[in-house]
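As structure tokens, the structure follows; a few thoughts come after it.
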Amino acid sequence: MPAPSLQSLADVAGGAVTRLQRLVQPPPPGFPPGPAGDQSVGMLGGPLEFISRLRRQHGQVVGLLLGGERVVLLSEPAAAKQVLVEQADVFVKAGTAFFPGSSLTGNGLLVSDGEVWRAQRRMANPAFRKAAVDNYADEMVAATQDLLDGPWAAAAAAAASSSQGGSSRGQQQQQQQRPAGSSSSLPAGVRDVYADFNQLTLNITLAALFGLKDSSSYSSSDASSSSSGSKLTNSETAARVVSAVERAFTYFAARGATAMVVPEWVPTPDNVAFKEAVQQLDDLVYGIIDARQAENRQQQQQQQGVDPSSSSSSSSRTDLLQALLDSTDEAGRPMAKTALRDELMTLLVAGQETSAILLGWAAALLAHHPKVQAAAAAEVAAVLGSSSSSSSASAADVGRLALLTAVVLEALRLYSPAYMVGRCANRDVQLAGGYTLPAGTTVLVSPYLLHREPSRWRNPALFKPERWLPLLTGQQQQQQGAAAAAGSSGVCPMHEQQQETSGGEAQANGSSSSSSEGSSSSSGCPMHQQSSSSTSTTTSSSYNFMSLLRDLGPNGAYLPFGGGPRNCIGTGFAMTEAVLVLAMMLQRFELQPVSPAAGFPRPKPMLTLRPEAVPLRLLRRRPQQQQQQQQQQQVAAQPKPMLTLRPEAVPLRLLRRRPQQQQQQQQQQQQVETAQKVA
């Protein structure tokens, strides 16, 4: 880390004085109202509870002090759109208190601004277009297959052996295949799937974007601790990377809440630990660059050996890394090695960590909502075949898995990895609602709060993937005439679906839901107006989710991948990855909580909203026919709705009816006998 200059020391001292002065100064005129005093302790104590309390007590636009910095917390859709979409040139990354720049990502795509950012985006865009992502799907499928065939198959075998009172062989195999650093106290057949997904998404990122499938291709300083030619799925390698990312994000969460009171270069224990984490990631990233440059030089030498007059340095690689290595500026100069490092570090950290979080939350929600899981598994079986089928997933299948895509969208709504998006006003500006923000004000747009905004979402606390189905399948419904029928009845097809399927489903946190959405009319549905137009170009071979992720979503309050010109460049990659991984998972395995009393995983908010752990029991999914037979046996005495509502059977005792006169005589005789007994 470079030594601080006299100017940087002066800047730090001046900034500290300014923050101390704000503690005793009133807010500037026109600043949004909010709580008195500095709120760093509340933010550090529990970010989700803290921002939810601010929303309840002070409204959708809240002004506060955070580590001596003027901050505005936004959960108002119009103001969020102004910040992220309409005035993205005013609200920039530079200067944001809660998301300070650092040595981790340097000046990469995640934190750069202006012309630098636009140039970086242009260079990276081709690697994230749909055609490129479709090519990456093969790597996603291959890496997922390794996970399912290895650790997950061993866990399912251990679960089966344990339930049958068998030997511990399956348990021993499961123990051998636990991710490094995972808990060894989990019961047989149970795995922390979030730990598995961290390793899986690292493998996918390195293989798909950087063309690396062998740890010897990227390990430099750690080469002595890994066997030569070992597979990328080596759990120790993955665990080191994941641990380094987690340490860095923990550091950011604490540092951001205190507005960088202690600069990075001061040798405090936290700063030293952070520097070690960055160095570990640097070893990986610079190793990736060195290995590819050596490969390119070798290939160039081979080409010149065949044709000495050739000066071509083209590589057979088509991944993002090669695109960045081949890029040049206006003067024809290649990208500097430090710039390459910043871009690769940004994509490695963002691509691996957030994708693992999404998969972890989605798996937990499916396990705790068995009806949704069963329906999604049936959809997967219809598209990919049953668990006994040899067919594997491909990019072309993503557009045919509407319910599973809806599960991913709903998981992102409830537990968006980026639960707060930071910007800084680069000049004085008027905010929607009549507020005035002075230059330097940090604005925190909260997807976590926007995704739970009651004015934009019905029953926002409930996990309801079906709310997305009309938007995902709008074109097919129109072709079948369903949209016209729904329009004539005045009922939103989304709410009809919810009325049919919501009974008995659990809330995101495990409590029971209601089916009140089913009675809502289309005129009150916040997404009804978008359900037909936003999916007019949907086909089975295209991304049927992209129209739902533009700007701030179909109802102006959905931004799991950000919004405006700075929306996440890897949206298509992340969505395709999530749908394919979950599809392959549900094709072969059933997910269950560890026990009936097991609670839903607790959030662990840092810079991102990750789960603490997601321990789930893995069972081999039985063929659909076998499941149906068992279900029929369990509900044999229940009503059986078909085209008409018929009972299974009506067992009654039949007696011959006697003549009416004989009945009357018998009744009179009984009355006489009763009167005599009373007397």
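One is the number of the first residue; the rest follow in order along the sequence.
Among residues at least two apart or in separate chains, there is no salt bridge (charged side-chain N to carboxylate O under 4.0 Å, His left out) pair with a member in residues 76-90. Each salt bridge (charged side-chain N to carboxylate O under 4.0 Å, His left out) pair with one or both residues in residues 560-578, not counting sequence neighbours, appears once here: D113-R566. Residue pairs meeting the salt bridge (charged side-chain N to carboxylate O under 4.0 Å, His left out) criterion with at least one partner in residues 349-367, sequence neighbours excluded, are E353-R610. Within the structure, side chain to side chain donor-acceptor pair (under 3.5 Å) contacts touching residues 427-440 (residues at least two apart or in different chains) are Q430-T436. Every pair passing salt bridge (charged side-chain N to carboxylate O under 4.0 Å, His left out) that includes a residue from residues 402-412 is listed here, sequence neighbours excluded: E410-R413, E410-R467.
Every residue two or more places apart in sequence or in another chain that forms a ring pair (Phe, Tyr, Trp, His ring centres under 6.0 Å) with Y136 is listed here: F573. Take R53 and apply the side-chain hydrogen bond (donor to acceptor under 3.5 Å, both in side chains) test, not counting sequence neighbours, and it matches no residue. Considering only residues two or more places apart in sequence or on other chains, R122 meets the side-chain hydrogen bond (donor to acceptor under 3.5 Å, both in side chains) condition with none of them. A425 pairs by the side-chain contact (heavy atoms from CB on, under 4.5 Å) definition with F91, V429, not counting sequence neighbours. The side-chain hydrogen bond (donor to acceptor under 3.5 Å, both in side chains) check on Q592 picks up E590, with sequence neighbours excluded. With sequence neighbours excluded, the residues satisfying side-chain hydrogen bond (donor to acceptor under 3.5 Å, both in side chains) with Q60 are E453. Residues passing the side-chain contact (heavy atoms from CB on, under 4.5 Å) test with A350: none are found, sequence neighbours excluded.
Here the closest heavy-atom approach between residue A367 and residue Q373 is recorded as CA-NE2, 3.8 Å. Residues A393 and M584 approach most closely at CB-CG, 3.9 Å, considering heavy atoms. Closest heavy-atom contact between G37 and L65: O-CB, 4.0 Å. For the pair S40 and G67, the tightest heavy-atom approach, listed with the atom from each and the gap, is OG-N, 2.8 Å. Looking at every heavy atom in both residues, L559 comes nearest to V445 through CD1-CG1, 4.1 Å. Considering all non-hydrogen atoms of both residues, G572 and V133 come closest at O-CG1, 3.9 Å.
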**Q.** L580 and L401: CA distance, side-chain angles, deciding distance, side-chain contact (heavy atoms from CB on, under 4.5 Å) verdict
**A.** CA-CA 9 Å; L580 288 177; L401 295 167; 5.8 Å; no
| message | The test is side-chain contact (heavy atoms from CB on, under 4.5 Å); show your working for L609 and S416 and say whether it passes. | response | CA-CA 7 Å; L609 183 59; S416 178; over 6 Å; no
For this session: Apply side-chain contact (heavy atoms from CB on, under 4.5 Å) to F463 and V407, showing your working.
Result: CA-CA 9 Å; F463 173 66; V407 167; 4.3 Å; yes
Exercise. Evaluate the side-chain contact (heavy atoms from CB on, under 4.5 Å) criterion for residues Y448 and L414: first the C-alpha distance (whole Å), next the side-chain angles of each, then the deciding distance (0.1 Å), finally the verdict.
Key: CA-CA 7 Å; Y448 183 84; L414 288 168; over 6 Å; no
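Judged by distance alone, the side chain of R423 and the main-chain N or O of V92 form no donor-acceptor pair under 3.5 Å. No donor-acceptor pair under 3.5 Å is formed between the side chain of Q120 and the backbone N or O of S112. A distance-only check finds no donor-acceptor pair linking the side chain of D192 to the backbone of A613 [under 3.5 Å]. Remark: the backbone N or O of L450 is not paired with any side-chain donor or acceptor of S75 at under 3.5 angstrom. Judged by distance alone, the side chain of N567 and the main-chain N or O of G562 form no donor-acceptor pair under 3.5 Å. Of the possible polar contacts, one joining the Y558 side chain to the L409 backbone as a donor-acceptor pair under 3.5 Å is found. Side-chain atoms of T201 come within 3.5 Å of backbone N or O of N198 as a donor-acceptor pair. Between the side chain of T441 and the backbone N or O of L437, no donor-acceptor pair lies under 3.5 Å. Under a 3.5 Å cut-off, the side chain of D551 and the backbone N or O of G553 do not form any donor-acceptor pair. Under a 3.5 Å cut-off, the side chain of H369 and the backbone N or O of L365 do form a donor-acceptor pair.
Residues V71 and V62 fail the side-chain proximity criterion, which asks for heavy atoms closer than 4.5 Å. Side-chain contact between M575 and L412 is present, with heavy atoms from C-beta onward closer than 4.5 Å. For the pair P611 and Y194, the minimum side-chain heavy-atom distance is below 4.5 Å. The closest side-chain heavy-atom distance from L109 to W117 is below 4.5 Å. Contact check for L616 versus V594: no side-chain heavy atoms found under the 4.5 Å cut-off. Within the 4.5 Å cutoff, side-chain heavy atoms of L84 are placed close to those of L552. Annotation: side chain of M420 is in contact with side chain of I51 (closest heavy-atom distance under 4.5 Å). Between S446 and L74 there is no side-chain heavy-atom pair separated by less than 4.5 Å.
Remark: L66 CG to L444 CG distance equals 7.0 Å, nearest 0.5 Å. Between E466 atom CD and L472 atom CG the span is 12.0 Å, to the nearest 0.5 Å. Taken from CG in L48 to NZ in K604, the straight-line distance is 13.5 Å, to the nearest 0.5 Å. To the nearest 0.5 Å, atoms CD (Q352) and CD1 (I357) are separated by 8.5 Å. Interatomic distance, CG of L404 versus CG of D397, reported as 11.0 Å (0.5 Å rounding). Annotation: the span from F128 atom CZ to I569 atom CD1 amounts to 5.5 Å, rounded to 0.5 Å.
For R602 and E612, the salt-bridge test passes: some basic side-chain N is under 4.0 Å from an acidic carboxylate O.
Aromatic rings of Y415 and F600 (six-membered ring for Trp) have centroids within the 6.0 Å cut-off, being under it. Two rings, from W361 and F197, have their centers 6.0 Å or more apart.
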